[in-house]
Colleague: 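Okay, here's the structure, questions in a sec.
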Amino acid sequence: MLEKTFEPNAAEPRLYAQWEDAGTFQPKDDPQAETYSIVIPPPNVTGSLHIGHALNNTLQDVLIRYHRMLGKAVLWQPGTDHAGIATQMVVERQLAAEGNISRRDMGREAFIKRVWEWKEESGGTILNQLRRLGASCDWSRERFTMDEGLSKAVLKVFVELYEQGLIYRDKRLVNWDPHFQTAISDLEVENREVDGHFWRFRYPLADGSTYKFPIAFDEDGQATEWEERDYIVVATTRPETVLGDTGVAVHPEDERYAGLVGKTIRLPIADVEIPIVADEHADPEQGSGAVKITPAHDFNDFMVGERQGLPMVNLFDREARLISEITDEKVDGLDRIPAEWRGLDRFEAREKLVARMDELGLLDGIEDRKVQQPFGDRSGVVVEPFLTDQWFVKADVLARDAIAAVEDGRTDFHPKNWEKTYFEWMRNIQPWCISRQLWWGHRIPAWYDEDGNVFVAESEAEAVAKAGGRALTQDEDVLDTWFSSALWPFSTLGWPEETDELKRFYPTSVLVTAFDIIFFWVARMMMQGLHFMKEVPFPDIYIHALVRDEHGAKMSKSKGNVIDPLELVDEFGADAVRFTLAALAAQGRDIRMSKDRVEGYRNFGTKLWNAARFCLMNDCLPDPEFDPKSVKQTVNQWLLGEAEAATSAVAQGLETYRFNEAASAAYRFVWNVFCDWHLEFAKPLFNGEDEAAKAETRATTAYVLEVALKLLHPFMPFITEELWAKTAGPEGRDSLLIVADWPQPQGLANAAAQDEMNWLVSLITEIRKLRSEMNIPAKARPAGLAISGDAALAERLKRHSALICQLARLDSIALADTAPEGSAQIVVSETTYALPLEGVIDFDAERTRLDKEIEKTAGEISRLEKKLSNERFVANAPADVVAAERAKMADYAAQKDALEAARARLG
RNA sequence: GGGCGCGUAGCUCAGUGGGAGAGCACUACGUUGACAUCGUAGGGGUCGCAAGUUCAAUCCUUGCCGCGCCCA
């Protein structure tokens, strides 16, 4: 006998070990079997499980378990990502907390050793947490982006792309994080609106000449007053860059400045002459219409500089301080910086610059203003556009086929609208800066000789050979983490080796991820997969929602609204957490997670548990001889049809990534069909005399319980596996549920049985309603009389008499010619049923109740009459719709007649 | 400024061109051992607002209002 409730905390680790020990997480060794594979979005090795991971991995596990039950050879490839900046940051913090020396004092080799030690020690945390959710990954194949094999893939990809001219080194503006002192990609920059200022400065014309500048206008916008000026006003939000200006731009059609283009101004403080150029970047409507151009410190200005041939002048060092020595004589503007300012932080430099301009009488004004400022998403400091030598990928070339693949349907997004986001970004893709000035990561396989010539090769020996034996030094930098995760779908399968796994499991079947890494990761896997494997990495991409708190706010540590999935697992069990996430995963909407919801699904698990308990108590055990197609009892025919319909609804939901529909189809079947009705129907049968019916019902019930366990297994693996074992019966089970066969359709739908059971359910429901409305005491067991029914009805009533009596609490149910005096009456399927209740109920109330019913029915009738008398409706609506409305109308009419007759009998 | 999405019961959310559903919460009543982590019954909605298309609009189109996210 089963315990009263399922104990998740005790059962989960046991069941998980059982699955793993049985080797069920590994793809089955059948070369004929169809394959199904998913690569896990590798979590950061530094990470711990948050609710977003829980959702992401639950959905993957649901798919994996479903396809495994379909008999496929299934691989769920797990692993972690080395997460360059994030991991380096964690370890540096540890060093600081221990009062140890910094990474630079420690030296590269010792530091990297230290990171590896930390990785070995606690890198497995998040994967162990996934096990608690029930994730059925093939742990024997766990990979890490810095494993030997994956690193080899990185080297090969880098060298090949370099040789194909798709990777190059260049001095360009990049987003520079002064805290980590590394370049970061534009995706790692967070633009935030902050309070700032607009400073207006006067730049004097170099030749001392003057021009007339309009300062007042009439209604038509015509200038009415002018002022004589010997300067141009420019406005900036970043005064610290003034010394790096190499031009002032005005719009080519801006008449106010037409005569000044080609002249020069004398840049204050720096004391150099810079030209006034005409460029469309200048917006005549904005400020004075003239803009300062600082090509080395602003992305827009960089482009203007290229167009106009303006030189680049760099002011800052790697820590975003004004330079105090020359590091690159081609661009550094040291001689523009007053000696006493050298080495100042950029924000101090700003103050000094503004103050000096004010002293010089060149500060034209200051306005408060909201400005967009870029912040490093990891460091939180203001990112500086900075001119450095970096490695770049020609992403636009790689993007071409990646765009085409989605356009022509080799890969589909689900929901489809995410392809817009993908296209938008891919079609405007910028060169991808892949070098990072970090130590933790894949070191760039490029070596330099004394003259700065570069040699790219997979090893130092090869590079030296290419250099003709000269001494070389390796590039100090490492690659962006996403460079290696872009290879994940094939590098984890053994590429560049031609392994069996690679042949069997690439392309993978689907990628499951959140929208926030479409650019970072999905797009790049598409590019690299197509380039190196010549095939898309996955035909389907399922994009799921973000998990928010119950009020819709983003979860964050600072808000304190973070829900820890493992706490939920502790409290309600992994099954409840998984089911909740799946049931709420409707396409295109964020998930609001609340404890109440999890509790509700925990209760659902308990309901299932108790249903199984009932089955065991009544000897409903699997019967190997049982043939669902040959059952005789209407109840059983109906139940089998319902089970089959539920099975296909669940399958349909999963095939189309509608997890919520799949989950709720299973839920409704188990609770509202199997428990609420079937088990209640079974009770009187089990207590009855008909041994054949009893035996058939036991076998059917056991069979359908198996179906229920199978349908729920992908969502609630633990409790279903436990019940699978506990309900095995003396024969035992052939296999664990995790590898049992998904139920196959057998054509069990039975319209006649369905019709009869629908009638039975509504008869019972109507009687219960009457009892409730008329306050008939629970103890009262009136006789039920069907007034003037035919032989078929008599047959039905006889067949289900025990069920009706028990579930509607009647003493008996039979045909009668007329309703006895003092009866309450209801109408079900056009038949009137009378319950003699003289002295039990208030007949005035019964009259009122019937009047209300009649009124309601009349309302429906007049609505339908109106519709059916509309010629255009009858002419234009599809015939089946018109017929259905007519049938409804006839039903209501018959019902109204019966109700009116019933009312008349009461007088 | 461009893009995506949302507004349906008190709350959290499904859903469909043919008079709207679930869970939770709420109210009343609970009887024969599956289950009180439960059962039975009930109340509760101008489907954001307006116009259009249609025989028919909560659903399609447009505009507006409110809210969220992404990109510039």
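Below, each value reflects all heavy atoms present in this structure, side chains not excepted, and no hydrogens, waters or symmetry copies. Please read these numbers as outputs of a predicted model, since none were measured by experiment. Every chain is numbered from 1, with letters handed out A, B, ... down the list of sequences.
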Colleague: Can you tell if the side chain of F604(A) reaches within under 4.5 Å of the side chain of M716(A), non-hydrogen atoms only?
Modeller: yes
Colleague: Return the value, rounded to whole Å, for the distance between atom NZ of K607(A) and atom P of rA34(B).
Modeller: 11 Å
Colleague: Tell me which nucleotide, if any, is Watson-Crick or G-U wobble paired with rG21(B) when both distances must be under 3.5 Å.
Modeller: rC13(B)
Colleague: To the side chain of F515(A), which of rG18(B), rU31(B), rC69(B) is closest?
Modeller: rC69(B)
Colleague: Specify the separation, in whole Å, of atom CD1 of I767(A) and atom P of rG39(B).
Modeller: 21 Å
Colleague: Using Watson-Crick or G-U wobble geometry with both distances below 3.5 Å, tell me the partner of rC6(B), or none.
Modeller: rG66(B)
Colleague: Can T513(A) and H544(A) be said to form a side chain to side chain donor-acceptor pair (under 3.5 Å), step by step?
Modeller: CA-CA 6 Å; T513(A) 191; H544(A) 64 246; 6.0 Å; no
Colleague: Which base, if any, makes a Watson-Crick or G-U wobble pair with rG1(B), both distances under 3.5 Å?
Modeller: rC71(B)
Colleague: Base, sugar-phosphate or nothing for E766(A)? Non-hydrogen atoms, less than 4.0 Å.
Modeller: nothing
Colleague: From C-beta outward on Q806(A), which listed nucleotide comes closest to its side chain: rA14(B), rA34(B), rU32(B)?
Modeller: rU32(B)
Colleague: Consider the side chain of S772(A), meaning its heavy atoms from C-beta on, and name the nucleotide among rA34(B), rA41(B), rU31(B) that approaches it most closely.
Modeller: rA41(B)
Colleague: With nearest nucleotide decided by heavy atoms, which residue, Y601(A) or I764(A), maps closer to the 5′ end of RNA chain B?
Modeller: Y601(A)
Colleague: If you check every side-chain atom of K4(A), which of rA36(B), rC55(B), rU32(B) has the closest atom?
Modeller: rA36(B)
Colleague: Using OP1 and OP2 only, check whether a side-chain N or O of N876(A) sits under 4.0 Å from rC55(B).
Modeller: yes
Colleague: For R602(A), report the nucleic acid contact type (base, sugar-phosphate, nothing); a contact means any heavy atom under 4.0 Å.
Modeller: base
Colleague: Could you walk me through whether E865(A) and R863(A) satisfy the salt bridge (Lys or Arg N to Asp or Glu O under 4.0 Å) test, starting with their C-alpha distance in whole Å, then the side-chain angles of each, then the deciding distance to 0.1 Å, before giving a yes or no?
Modeller: CA-CA 5 Å; E865(A) 259 173 356; R863(A) 181 177 62 79; over 6 Å; no
Colleague: Scan every strand shown for a Watson-Crick or G-U wobble partner of rC35(B), both distances under 3.5 Å, and answer none if you come up empty.
Modeller: none
Colleague: Does NZ or CZ of K683(A) come closer than 6.0 Å to the centre of the six-membered ring of F614(A), within 45° of the ring's axis?
Modeller: yes
Colleague: Nearest whole angstrom, please: distance from the C1' of rU37(B) to the CD of E3(A).
Modeller: 16 Å
Colleague: Given rC4(B), rC38(B), rC24(B), which nucleotide is nearest the side-chain atoms of K420(A)?
Modeller: rC4(B)
Colleague: Taking the six-membered ring for Trp and the full ring for Phe, Tyr or His, determine whether the centres of H414(A) and Y542(A) are under 6.0 Å apart.
Modeller: no
Colleague: Counting side-chain heavy atoms from CB outward, which of rC38(B), rU12(B), rC55(B) is closest to N603(A)?
Modeller: rC38(B)
Colleague: rG33(B): syn or anti, with syn meaning chi within 90° of zero?
Modeller: syn
Colleague: Over how many whole Å does the gap from D596(A) atom CG to rC11(B) atom C1' extend?
Modeller: 9 Å
Colleague: Which of the following nucleotides, rC55(B), rA34(B), rC4(B), is nearest to the side chain of N417(A)?
Modeller: rC4(B)
Colleague: Report the nucleotide, chosen from rG18(B), rU31(B), rC38(B), that has the shortest atom-to-atom distance to any side-chain atom of A877(A).
Modeller: rG18(B)
Colleague: Pick base, sugar-phosphate or nothing for S664(A), based on heavy-atom distances below 4.0 Å to the nucleic acid.
Modeller: nothing
Colleague: Looking at rA57(B), which nucleotide sits across from it as a Watson-Crick or G-U wobble partner, both distances under 3.5 angstrom, or is there none?
Modeller: none
Colleague: By the 4.0 Å heavy-atom rule, please label N191(A) as base, sugar-phosphate, or nothing.
Modeller: sugar-phosphate
Colleague: Whole angstrom is fine here: how far is it from CD1 in I826(A) over to P in rA41(B)?
Modeller: 13 Å
Colleague: Would you classify R863(A) as touching base, sugar-phosphate or nothing, given that sugar-phosphate means primed atoms plus P, OP1 and OP2, and contacts are heavy atoms under 4.0 Å?
Modeller: base
Colleague: Please report the distance, rounded to the nearest Å, between CD in E190(A) and P in rA72(B).
Modeller: 12 Å
Colleague: Does R668(A) reach a base, just sugar-phosphate, or nothing at all? Heavy atoms under 4.0 Å.
Modeller: nothing
Colleague: With Y601(A) as reference, evaluate F715(A), Y667(A), F572(A) under the ring-ring contact (aromatic ring centres under 6.0 Å, His included) test and give the passing residue.
Modeller: Y667(A)
Colleague: Taking the side chain of R597(A) as its heavy atoms from C-beta onward, which of rU12(B), rG42(B), rC35(B) lies nearest to it?
Modeller: rU12(B)
Colleague: Is K867(A) near enough to rG18(B) that one of its side-chain N or O atoms lies under 4.0 angstrom from OP1 or OP2?
Modeller: no
Colleague: I'd like to know whether V635(A) forms a side-chain contact (heavy atoms from CB on, under 4.5 Å) with M757(A), so could you lay out the CA-CA distance, the side-chain angles of the two residues, the decisive distance to 0.1 Å, and finally the verdict.
Modeller: CA-CA 7 Å; V635(A) 192; M757(A) 297 308 288; 4.0 Å; yes
Colleague: Under 4.0 Å between any heavy atoms, over every strand shown, what does C615(A) touch: base, sugar-phosphate, or nothing? Just pick one.
Modeller: nothing
Colleague: Looking at the side chain of Y667(A), which of rU31(B), rC35(B), rG23(B) is the nearest nucleotide?
Modeller: rG23(B)
